[in-house]
Colleague: 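To start, I am sharing the structure in question, which I have written as structure tokens.
So that the names make sense, note that chain A is the first sequence line, chain B the second, and so on, each numbered from 1. Bear in mind the structure is a predicted one, so any value in this text is a computation, not a measurement.
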Protein chains: 2
Amino acid sequence: MAITIKDVAKKAGVSPSTVSRVIAEHPRISAKTSRRVKEVMDELGYHPNMMAKSLVSRTSRTIGVILPRPAEELLLNFFFYEFMRGVMAQLTRAGYDLLMAGGNNEREELETVTRLVRGGRIDGLLLLYSRASDPVISLLRKEDVPFLLVGRSLDYDDVPSVDNDNVQAAYDATKHLISQGQRRIGFVSGPAHLAMTQDRLAGYTKALTEAGLPFKQGWVVEGEFLLESGYRAMASIMNQPEPPTALVVIDDFVAFGVLKGLTELGYRIPEDVAIVSFNNIALSELTMPPITSVDIGTYQLGYTASQMLISTIQQDPVQQRQLIPHRLVVRESSLRTFSPV
Amino acid sequence: MAITIKDVAKKAGVSPSTVSRVIAEHPRISAKTSRRVKEVMDELGYHPNMMAKSLVSRTSRTIGVILPRPAEELLLNFFFYEFMRGVMAQLTRAGYDLLMAGGNNEREELETVTRLVRGGRIDGLLLLYSRASDPVISLLRKEDVPFLLVGRSLDYDDVPSVDNDNVQAAYDATKHLISQGQRRIGFVSGPAHLAMTQDRLAGYTKALTEAGLPFKQGWVVEGEFLLESGYRAMASIMNQPEPPTALVVIDDFVAFGVLKGLTELGYRIPEDVAIVSFNNIALSELTMPPITSVDIGTYQLGYTASQMLISTIQQDPVQQRQLIPHRLVVRESSLRTFSPV
DNA sequence: GTGAAAGCGCTAACAG
DNA sequence: CTGTTAGCGCTTTCAC
């Protein structure tokens with residue numbers, strides 16, 4: 001039998017309510033009593049029963065995270081651990097725990113969320129994706145549950161979220177290529193239904209337009225976040241009368257495929273084709289040549305996401321949408337000067 | 001105010017206990033009542049309050065996972081998501097939730113575990129590392145909390161765990177090189193204090209010995225699970241009078257560095273130096289050449305780990321230690337025949 | 001400043 | 001087969 005508040009009370013010669021007040025740091029409690037009770041708690045190794053506490057307080061000091069299904073985003077593979085470290089760092093600081101849940105399909109997912117929310121297991125929810133017309137978001141809004149989206153909702157623009165400025169990031173990446181003297185710049189894209197893809201494509205287009213460079217439909221290939229995606233894209237994109245001499249690639253993972261495809265086709269990087277990519281995963285600097293990539297601040301995304309969510313839960317004022325700064329990490333794959341033509 | 005068991009009871013014209021019995025699928029309840037109550041539950045959108053349930057049942061149907069600190073294992077970056085998917089799949093099936101916690105240092109970590117265990121928040125714990133003389137394990141044993149280790153404990157051999165047969169895996173990998181005609185085989189190692197490193201080194205040595213091949217101290221380099229580790233190792237290992245013509249590398253991540261180091265030194269892979277590695281992360285097939293790697297069944301590790309832990313919690317008989325099968329995925333980096341010498 | 005008592009939502013004897 | 005009753009461990013009025 002675990003030690004309860006009563007055991008502490010008895011040994012300290014006070015009432016259970018006093019012990020409770022000491023735990024809650026109630027102001028109207030004498031310093032002496034407080035000290036005495038704390039001593040006894042230590043002696044006995046007392047730890048409050050969270051279930052009882054939650055039952056009466058109607059909060060769990062726990063936030064939920066739905067583990068995305070693999071189909072959704074393969075890039076999570078390299079994103080998830082770092083992101084969760086950021087989340088955990090903030091949660092630990094704030095004294096919250098994290099409950100991870102999931103479902104094998106949309107229906108199960110919705111059921112899980114309902115169960116957790118209605119069952120009082122979580123005080124808020126962190127969402128790691130942004131599908132169009134997401135029933136989970138509708139549910140959370142209806143039930144008035146605090147939640148926060150990592151990314152951007154395509155349906156609502158008043159959804160609390162933390163994100164990168166993907167338009168600006170792609171703009172910067174493209175600008176970088178332009179500053180290297182590139183004029184024929186293509187774009188290897190991701191799934192078109194993702195906000196991230198749309199935003200990065202927009203930034204790319206914007207940079208081209210501003211610089212008065214041509215935008216060619218044939219220079220833009222849509223792909224998946226898959227191993228082969230970038231690889232395959234090369235056959236089609238480079239097999240044109242006037243192929244691009246530089247590529248903005250949606251993600252490092254895809255960029256590895258691009259690199260491989262180009263090499264096999266006999267192109268040299270960056271001499272024949274320069275490459276800029278996104279997400280800056282640990283391996284970007286290990287390829288040959290190392291890939292220039294936009295660091296999206298994965299840890300910071302997680303840290304800020306949980307911070308905002310907790311603020312929402314505690315009804316502190318928060319801005320609806322926060323942007324995490326990105327940073328272009330220039331490596332050889334994009335440098336004209338690296339090997340002058 | 002959420003719907004409680006009382007609301008359901010009133011509307012269904014029964015007592016709260018009857019509703020409770022219906023939820024628990026108690027055998028002595030009439031089919032009619034059961035149906036009626038379930039109808040009402042659906043109508044009202046009732047979901048049981050988990051806190052109240054846990055309080056009285058003294059179980060939380062939740063297992064804990066301690067998020068390892070980054071310093072511990074960088075290879076977790078590529079391991080974590082896949083592993084967690086396996087864990088979640090099994091937990092969802094079994095109707096358990098997952099609580100993730102962590103600490104910034106050993107003391108905090110121990111405190112967190114104590115808090116969760118004593119506070120009744122978790123029924124068992126999944127440990128993702130195996131430090132020598134781990135205070136967390138001592139605590140869990142003392143408190144008699146079900147737990148399961150992923151990997152192998154260096155201190156106790158009666159700790160419930162799920163692991164790969166790393167000796168056999170390294171043996172197989174080395175054997176493969178030998179079958180390719182390799183006779184001078186080196187080993188790029190990881191941190192020596194890890195059981196995984198020790199086991200793989202043992203398997204490597206065993207294969208050499210069995211084949212009557214020389215084991216040279218200079219052909220074995222210890223490293224970290226770091227980007228530069230494999231890269232740097234090449235300078236020292238290849239700079240010997242008789243350098244190895246094949247390498248067994250502790251991890252894919254390190255192997256990327258090895259690949260890069262060798263290429264820069266002017267060696268061709270696999271013609272001059274053949275490579276076999278471990279963990280088979282998604283990028284192993286994207287390098288040039290693609291790397292032969294031992295797949296360790298990451299998803300399966302997670303799935304089995306939670307399965308075993310749940311069995312332990314439910315006091316079903318479980319074997320203390322379970323091994324997940326590995327599988328050598330042969331790619332170009334190890335094939336002599338690929339480009340005959 | 002502290003204690004007594006009621007109750008959070010649920011389960012589990014004990015009756016009937 | 002079902003209802004009544006008594007808590008699980010904690011917080012929180014309401015007294016004093």
Side-chain angles (χ1 to χ4, degrees), chain A residues 1-38 40-41 44-62 95 114-123, chain B residues 1-38 40-41 44-62 95 114-123:
Chain A
M1 195 59 168
I3 292 112
T4 77
I5 215 170
K6 281 189 195 167
D7 302 321
V8 177
K10 193 179 294 176
K11 182 146 187 189
V14 295
S15 78
S17 12
T18 302
V19 178
S20 175
R21 290 193 182 99
V22 170
I23 295 168
E25 312 230 302
H26 193 105
R28 289 201 297 265
I29 208 91
S30 83
K32 204 175 97 198
T33 315
S34 173
R35 196 160 28 73
R36 171 95 191 92
V37 169
K38 279 178 180 163
V40 174
M41 293 197 310
L44 261 40
Y46 168 75
H47 281 263
N49 182 311
M50 295 314 289
M51 299 310 176
K53 191 167 188 159
S54 291
L55 180 56
V56 53
S57 71
R58 305 177 163 289
T59 63
S60 56
R61 280 199 97 80
T62 303
T114 312
R115 180 176 61 80
L116 295 178
V117 166
R118 306 283 287 268
R121 291 214 64 165
I122 59 175
D123 296 346
Chain B
M1 194 59 167
I3 292 114
T4 76
I5 213 169
K6 280 188 194 167
D7 303 321
V8 177
K10 192 180 293 175
K11 182 147 187 188
V14 296
S15 78
S17 18
T18 301
V19 177
S20 175
R21 289 191 184 101
V22 170
I23 296 168
E25 313 230 302
H26 193 105
R28 289 201 299 267
I29 209 91
S30 83
K32 203 175 95 198
T33 315
S34 173
R35 196 160 27 72
R36 171 95 190 90
V37 169
K38 278 179 182 165
V40 175
M41 293 199 309
L44 262 41
Y46 168 76
H47 281 263
N49 181 313
M50 296 314 290
M51 299 310 175
K53 193 167 187 160
S54 291
L55 179 57
V56 53
S57 72
R58 305 179 160 289
T59 64
S60 57
R61 281 199 96 79
T62 303
T114 311
R115 180 176 61 80
L116 295 178
V117 166
R118 306 284 287 269
R121 290 215 63 165
I122 58 175
D123 295 347

Colleague: Among residues 48-56 of chain A, which ones have heavy-atom contacts with DNA chain C below 4.0 Å?
Modeller: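 Contacting residues: A:L55, A:V56.
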Colleague: Distance check needed: C:dG1 C1' versus A:R36 CZ, whole Å only.
Modeller: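 So the CZ-C1' distance, A:R36 to C:dG1, works out to 17 Å.
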Colleague: If each of A:H26 and B:S15 is mapped to the nucleotide of DNA chain D with the nearest heavy atom, which maps nearer the 5' terminus, i.e. the 5' end?
Modeller: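 Result of the comparison: B:S15.
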Colleague: Ignoring hydrogens and angles, state whether a donor on the side chain of A:S30 or A:R35 is under 3.5 Å from an acceptor on the partner side chain.
Modeller: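 Side-chain D/A pair, A:S30 to A:R35: absent.
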Colleague: Check this for me: does the side-chain of A:S17 come within 3.5 Å of the base of C:dA4 through a donor and an acceptor?
Modeller: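 Flag set: donor-acceptor pair detected.
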Colleague: Between the main-chain N or O of B:M50 and the side-chain N or O of B:R61, is there a donor-acceptor pair closer than 3.5 Å?
Modeller: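 Pair absent, no side-chain N/O of B:R61 close to backbone of B:M50.
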Colleague: Quick one: B:I3 CD1 to C:dC8 P, roughly how many Å, whole number?
Modeller: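 It works out to 16 Å between those atoms.
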Colleague: Classify the nucleic acid contact of A:V14 as base, sugar-phosphate or nothing, counting any heavy atom under 4.0 Å across all strands shown.
Modeller: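 Sugar-phosphate only.
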Colleague: Does the side chain of B:R121 come under 3.5 Å of the side chain of A:T62 through a donor N or O and an acceptor N or O?
Modeller: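 Yes, A:T62 and B:R121 have a side-chain donor paired with an acceptor closer than 3.5 Å.
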Colleague: Between A:H47 and A:I3, is any pair of side-chain heavy atoms under 4.5 Å apart?
Modeller: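 With C-beta onward as the side chain, the pair stays apart.
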Colleague: Once you apply a heavy-atom cut-off of 4.0 Å, does A:T18 come out as touching a base, just sugar-phosphate, or nothing?
Modeller: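 Sugar-phosphate contact only.
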Colleague: Using atom CD1 of B:I23 as one end and atom P of C:dA12 as the other, report the distance to the nearest whole Å.
Modeller: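 It is 11 Å, rounded to the nearest whole Å.
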Colleague: Starting at atom CZ of B:R21, determine the distance to atom P of D:dC1, rounded to an integer number of angstrom.
Modeller: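 Taking atom P of D:dC1 as the reference, CZ of B:R21 is at 12 Å.
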Colleague: Do the non-hydrogen side-chain atoms of A:Y46 and A:I5 ever get within less than 4.5 Å of each other?
Modeller: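 SC-SC contact between A:Y46 and A:I5 confirmed.
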Colleague: To the nearest Å, give me how far apart NE2 (B:H47) and P (C:dG9) are.
Modeller: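 Nearest whole value for this atom pair: 16 Å.
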Colleague: Would B:N49 and B:T4 count as a side chain to side chain contact (heavy atoms under 4.5 Å, CB included) if you check the C-alpha gap in whole Å, the side-chain angles of each, and the deciding distance to 0.1 Å?
Modeller: CA-CA 8 Å; B:N49 181 313; B:T4 76; over 6 Å; no
Colleague: Rounded to whole angstrom units, what separation is found between the CD1 atom of B:I5 and the C1' atom of D:dT4?
Modeller: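 Distance check: B:I5 CD1 to D:dT4 C1' gives 15 Å.
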Colleague: Please state how far atom CG in A:D7 lies from atom P in D:dG9, giving the value in whole angstrom units.
Modeller: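 In whole Å, D:dG9 P lies 9 Å from A:D7 CG.
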Colleague: I'd like to know if A:R58 reaches the base of C:dG9 with its side chain, counting only an N/O donor and acceptor under 3.5 Å.
Modeller: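 Check fails, no donor-acceptor contact within cut-off.
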Colleague: Starting at atom OH of A:Y46, determine the distance to atom C1' of D:dG9, rounded to an integer number of angstrom.
Modeller: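 Taking atom C1' of D:dG9 as the reference, OH of A:Y46 is at 7 Å.
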Colleague: Regarding A:S15 and A:T18, is there a side-chain donor-to-acceptor distance under 3.5 Å anywhere?
Modeller: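 There is such a pair between these side chains.
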Colleague: Can you see if the side chain of B:T4 gets near the phosphate of C:dG9 - specifically, an N or O under 4.0 Å from OP1 or OP2?
Modeller: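 No, because none of the side-chain N or O atoms of B:T4 sits under 4.0 Å from OP1 or OP2 of C:dG9.
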Colleague: Do the side-chain N or O atoms of B:S30 get closer than 4.0 angstrom to the phosphate oxygens (OP1, OP2) of D:dT2?
Modeller: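 Yes, within the criterion.
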